K.L.:
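Below you will find the structure I want to go over with you.
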Amino acid sequence: MSKQPNIIAIDGPAASGKSTLGERLAKHFGYLYFDTGVMYRAVTWAVLHSSCDVRDEIAVTKIAENTQIEVLPPSAACRKYDVLIDGRDITDEIRSPEVEAMVSVVSAYPGVRRAMSLQQRRIGLRGNVVMVGRDIGTVVLPEAPLKVYLEASVEVRAKRRLLEVKQRDPQMSYEEVLQALMRRDEIDSTRSVAPLRPADDAHIIHTDNLTIEEVVRKVIDLSRGV
Ligand code: DC
């Protein structure tokens, strides 16, 4: 790679460390950090707060097409961004167990994915962006000059996610987090449209035995063609 990549795509399963890596890289390069999972979570929140059944694909798709999701710079130091739906701040609510349990179902619907991918692609093509998700390198921005796919065992991911979740819900057990991750892995990787998988030209990094600093360093080296 001769010059600094202007689009960095990061994909991988839930709790593989994508968002921490994405944020650090965005800071390093002075790029926009865009976490696409937030959009699927926002649609799921909107569905759960409507009278529509999550299993009703047509109604859920209509909600995805007609809801205005905004991801804005954070209004508080403890946040990475503010997420608004039709003007209402739902930043904290999109991490609730209810949203967590249903987001894989909602994000498997092709019409929902079409609506979200179009918006994400438009933002990504402006460049100077680190975009994080499940299908960024394969579908949203296949032309990204640097693609990274993070892998980690489900046990290591469950341990990392538990530390995060415990701050909000001290009752949560390792076993519950592990089961929820396994369910999401299964749905995310077997759905018919844009299943979770590395792009053919993605750099695959196994993070079980790496610190976040080591992963960041590896990707910066990759960006320089080291
Ligand atoms: O990264 P996350 O855990 O916030 O993602 C939430 C869900 O959204 C996840 O179960 C899969 C889905 N997702 C997706 O299908 N495609 C993306 N680009 C990002 C997230």
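Treat the numbers as computed from the prediction; the structure is a model and nothing was measured. Just so it is clear, the values below take in all heavy atoms, side chains as well, and ignore hydrogens, waters and symmetry mates. All ligand and atom numbering here is 1-based and tracks the order in the structure.
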K.L.:
What's the shortest heavy-atom distance between H203 and L222, and which atoms?
P.N.:
ND1-CD2, 3.5 Å
K.L.:
Any luck finding a side-chain donor-acceptor pair between R41 and T36 under 3.5 Å?
P.N.:
no
K.L.:
Among all protein heavy atoms in this structure, tell me which lies nearest to atom 6 (C) of ligand 1, with the distance rounded to 0.1 Å.
P.N.:
R184 NH2, 3.6 Å
K.L.:
Who's the nearest protein heavy-atom neighbour of atom 8 (O) of ligand 1, and how far?
P.N.:
Y40 CB, 3.6 Å
K.L.:
Heavy-atom distance to atom 12 (C) of ligand 1: which of A194, S189, S107, A9 wins?
P.N.:
S107
K.L.:
Do Q120 and S117 have a side chain donor and acceptor closer than 3.5 Å?
P.N.:
no
K.L.:
Heavy-atom distance to atom 15 (O) of ligand 1: which of R134, R41, K18, R113 wins?
P.N.:
R113
K.L.:
How close does the nearest protein non-hydrogen atom get to atom 20 (C) of ligand 1, and which residue and atom is it?
P.N.:
G37 CA, 3.5 Å
K.L.:
Do Q4 and Y31 meet the criterion of a side-chain donor-acceptor pair at a distance under 3.5 Å?
P.N.:
yes
K.L.:
For side-chain hydrogen bond (donor to acceptor under 3.5 Å, both in side chains), just list the numbers for S153 and D208, CA-CA rounded to whole Å, side-chain angles, deciding distance to a tenth of an Å, and then say yes or no.
P.N.:
CA-CA 7 Å; S153 67; D208 270 10; 3.0 Å; yes
K.L.:
S104 heavy atoms, cut-off 4.0 Å: which ligand 1 atoms fall inside?
P.N.:
10 (O)
K.L.:
Do any nitrogen or oxygen atoms of R161 come within less than 3.5 Å of a nitrogen or oxygen of ligand 1?
P.N.:
no
K.L.:
Quick one: does D135's side chain have a donor or acceptor within less than 3.5 Å of a partner on G137's backbone?
P.N.:
no
K.L.:
If the test is side-chain contact (heavy atoms from CB on, under 4.5 Å), which one of R161, M182, K159 qualifies with V177?
P.N.:
R161
K.L.:
Nearest protein heavy-atom contact for atom 19 (C) of ligand 1: which residue, which atom, what distance?
P.N.:
T36 OG1, 3.4 Å
K.L.:
Salt-bridge test for K62 and D56: reply yes if a basic N is under 4.0 Å from a carboxylate O, no otherwise.
P.N.:
no
K.L.:
Heavy atom under 4.0 Å from ligand 1: found in M116's side chain, backbone, both, or neither?
P.N.:
neither
K.L.:
Among all protein heavy atoms, pick the one closest to atom 7 (C) of ligand 1 and tell me residue, atom and distance.
P.N.:
V103 CG2, 3.5 Å
K.L.:
Checking contacts here: is it the side chain or the backbone of M102 that comes within 4.0 Å of ligand 1, counting heavy atoms only? Could be both or neither.
P.N.:
neither
